[in-house]
Number of protein chains: 2
Amino acid sequence: MGEQRPGGEALLFLTDEQLRKGIEAMFFAYRGFTADPDRILAEHGYGRAHHRAVHFINRTPGMTVNNLLEILGVTKQSLNRVLRSLVEDGLVQSRIGTHDKRERHLFLTDTGKALEQALSEAQRHRMRAAYRAAGPEAVVGFRQVLEAMMDPEQRHYFARQAGRDKA
Amino acid sequence: MGEQRPGGEALLFLTDEQLRKGIEAMFFAYRGFTADPDRILAEHGYGRAHHRAVHFINRTPGMTVNNLLEILGVTKQSLNRVLRSLVEDGLVQSRIGTHDKRERHLFLTDTGKALEQALSEAQRHRMRAAYRAAGPEAVVGFRQVLEAMMDPEQRHYFARQAGRDKA
DNA sequence: AGGGTACGTCAGCCTTGTTGACATTCCAAG
DNA sequence: CTTGGAATGTCAACAAGGCTGACGTACCCT
């Protein structure tokens, strides 16, 4: 399995073995990535779906349900169940739109912000440690590969609001 | 929120905004990462759990159930359900251990190998495209950050069998 | 002979995804 | 002004895939 790609190009990083290692790295890393928030969520009786909703509502306050639906890529029924519990528990406020009264604009309450902060802090803590261990150049590469791995629509959304930081 | 880290160090890549972008990149990239296999799996009536089992059995033929349990980090009941269906469908063969007859050693049948190949090919295709787009140096950084993000045990397993390739 | 290990299995529960159907509200076009 | 379609909510039913707890069997090792 050494050289299945003739031509002598320096593409060793594209061997099947390298790709498989990358695949496994994604698998294990994602597990680590979600481990800390999962613990916090479990204490509150929530799951990852709640985390995702809270994350993006915090990111873009006032976003509509449809917006969120597109980003998360789930059905409205599935999201609705999650949103309902968050609203009932007083973490999210759903305001009827002023311009278009069919739309619901979503906001975090102070309680919701507190949970988001706790979840985000845990996740950023691990990410910070990983970034620090790997160094700035590795971080650039990390981001490049991740972005290239996204589906086009997601990459579009991701890149679109990347303008917030000057990098 | 510009400079919360005094000392003048060039740690711009550790700002909360950068970390948040990294978090979202992980989320979106993982979605892309699983999208292609998910489609294939759905055609066969399987889910990601089956993919993971098949992947690691292919990776280490003859591994025991307990081994697989540790790698996947799920309960034996959960894994058993998946393994049973794979054995029933003739994708996995479970052989009683010769040394220790309590153990079951797991192997892919030819059918199992075919599915693994199809799943792996889809995933490697995307990974290859991402690697190619980002370039070899980015790939190194990608791997470094992912490895730093894993839990220690998973990193240990991951690094342990990294010796297969000479990188 | 007995304790602990490896594995399988039954039962029940939860989260989170799905489809399908239907009601409501309301903007906008005819 | 009516009506089509969009946005939303909601009910029901279902499935995958996690989980815990309990129990049985086979087996190694002391």
Side-chain angles (χ1 to χ4, degrees), chain A residues 27 30-31 34-35 37-57 62-89 92-106 119, chain B residues 27 30-31 34-35 37-57 62-89 92-107:
Chain A
F27 171 65
Y30 199 78
R31 275 249 297 273
T34 54
D38 280 356
R39 272 187 285 272
I40 297 172
L41 289 160
E43 292 168 13
H44 294 252
Y46 291 136
R48 273 184 213 174
H50 300 86
H51 185 185
R52 294 196 276 265
V54 162
H55 172 93
F56 286 105
I57 294 171
M63 85 190 311
T64 65
V65 173
N66 237 19
N67 275 178
L68 190 51
L69 233 37
E70 283 168 22
I71 293 171
L72 296 180
V74 298
T75 60
K76 62 175 180 174
Q77 293 91 330
S78 195
L79 175 59
N80 192 257
R81 189 166 33 199
V82 167
L83 280 181
R84 203 190 321 165
S85 70
L86 289 172
V87 169
E88 278 171 8
D89 298 350
V92 167
Q93 199 192 354
S94 166
R95 296 186 206 151
I96 295 177
T98 50
H99 183 65
D100 184 336
K101 292 180 186 166
R102 290 167 302 181
E103 296 178 340
R104 261 56 163 194
H105 297 274
L106 304 169
L119 293 169
Chain B
F27 171 65
Y30 199 77
R31 275 249 297 271
T34 54
D38 280 356
R39 272 187 285 272
I40 297 172
L41 288 160
E43 292 168 14
H44 295 252
Y46 293 136
R48 275 184 212 174
H50 300 85
H51 184 184
R52 295 196 277 264
V54 163
H55 172 93
F56 286 105
I57 294 172
M63 84 190 311
T64 66
V65 174
N66 239 15
N67 273 180
L68 190 51
L69 233 37
E70 283 167 22
I71 293 172
L72 296 180
V74 297
T75 60
K76 62 173 179 174
Q77 292 92 332
S78 195
L79 176 58
N80 192 257
R81 189 166 32 195
V82 167
L83 279 181
R84 204 190 319 166
S85 70
L86 289 173
V87 169
E88 279 170 6
D89 297 350
V92 167
Q93 198 191 355
S94 166
R95 295 186 206 151
I96 293 178
T98 49
H99 183 64
D100 183 336
K101 291 181 187 167
R102 289 168 303 180
E103 295 178 340
R104 259 62 160 189
H105 296 275
L106 304 169
F107 300 86

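In what follows, chains are A, B, ... by sequence order, proteins preceding strands, each numbered from 1. Worth saying up front: this structure is predicted, and the values here are computed from it rather than measured.
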TODO: Would you please test A:L106 and A:Q93 for side-chain contact (heavy atoms from CB on, under 4.5 Å) and show each step?
DONE: CA-CA 6 Å; A:L106 304 169; A:Q93 199 192 354; over 6 Å; no

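- By the salt bridge (charged side-chain N to carboxylate O under 4.0 Å, His left out) test, B:D89 is found to be paired with no residue, residues two or more places apart in sequence or in another chain being considered.
- Between B:I96 atom CD1 and D:dT25 atom P the separation is 16 Å, expressed in whole Å.
- The nearest whole Å value for the distance from the NZ atom in A:K101 to the C1' atom in D:dG9 is 18 Å.
- We find that CZ of B:R95 is positioned 22 Å from P of D:dA26, with the value rounded to whole Å.
- Closest of all the heavy-atom pairs between A:R104 and A:S94 is CG-OG, 3.0 Å.
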Task: Nucleotide pairing, DNA chain D (Watson-Crick or G-U, distances under 3.5 Å), in dot-bracket with [ ] and | - done: ||||||||||||||||||||||||||||||

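- The CG atom of B:N67 sits 13 Å away from the C1' atom of C:dC7 (whole-angstrom rounding).
- Taking only distance into account, the side chain of B:R102 never meets the base of D:dA26 through a donor-acceptor pair shorter than 3.5 Å.
- Between B:F56 and A:F27, the ring planes are tilted. Angles from 30° to 60° get that label.
- Rounded to a whole Å, the NE2 atom of B:H44 is 17 Å from the C1' atom of D:dA16.
- Aromatic ring pairs are classed by plane angle as parallel below 30°, tilted from 30° to 60° and perpendicular above 60°; the pair B:H55 and B:H51 is perpendicular.
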Task: Under 4.0 Å protein heavy-atom contact, by nucleotide of nucleotides 9-21 of chain C - B base, S sugar-phosphate only - done: BB----SBBBBBB

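- The interatomic distance linking A:L106 (CG) with D:dA7 (C1') rounds to 13 Å, in whole Å.
- Here A:N66 does not reach the OP1 or OP2 of D:dA6: none of its side-chain N or O atoms lies under 4.0 Å away.
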